[in-house]
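Every value quoted in this text rests on a predicted model; they were computed, and no experiment measured them. If you read the sequence from its start, that first residue is 1, and numbering goes on from there. When reading the values below, keep in mind they use all heavy atoms of this one structure, side chains included, and skip hydrogens, waters and symmetry mates. All ligand and atom numbering here is 1-based and tracks the order in the structure.
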Amino acid sequence: MGKMGEDAQFKMLIEECAELIVAVAKLGRAKNGNTLLNVAEEVADVEICLAQVKQMYPFIAEQAEHEKVVKYARLEQLLEKR
Ligand SMILES: [Mg+2]
């Protein structure tokens, strides 16, 4: 993918993240079939964008997996202390 394609992909990720933020924020007003469906749609959009970004940058994909292992371990430690 050329630089133009990559820039477009990152721009799309920004837009989809913003749409997910808005959808989640609306849950504060009402949690119903409509608003929950909207969150599900935006989660799907963000996950699709993330998959494409990870395909463009395998480093991001691999490092994110590593970060998840570290962060889950830290979270587990915190939960054990309670
Ligand atoms: Mg969207």
*Proximal heteroatom of E19 relative to the Mg ion (ligand 1) (N/O/S)*: OE1
*Contact summary for E42 and A23, nearest pair of heavy atoms*: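 So the two residues come closest at CG-CB, 3.9 Å.
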*Got an N, O or S from E15 under 2.8 Å of the Mg ion (ligand 1)?*
no
*Would you say E42 reaches the Mg ion (ligand 1) with an N/O/S atom under 2.8 Å?*
yes
*Less than 4.5 Å apart, any side-chain heavy atom of Q9 and any of M12?*
yes
*If you measure from CG on L20 to CG on L13, what distance do you get to the nearest 0.5 Å?*
10.5 Å
_If I take the Mg ion (ligand 1) as the centre, what angle separates the OE1 atom of E16 from the OD2 atom of D45? Nearest 10 degrees is fine._
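Between OE1 of E16 and OD2 of D45, at the Mg ion (ligand 1), the angle is about 100°.
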*For the pair T35 (side chain) and K26 (backbone), establish whether a donor and an acceptor sit closer than 3.5 Å, ignoring hydrogens and angles.*
no
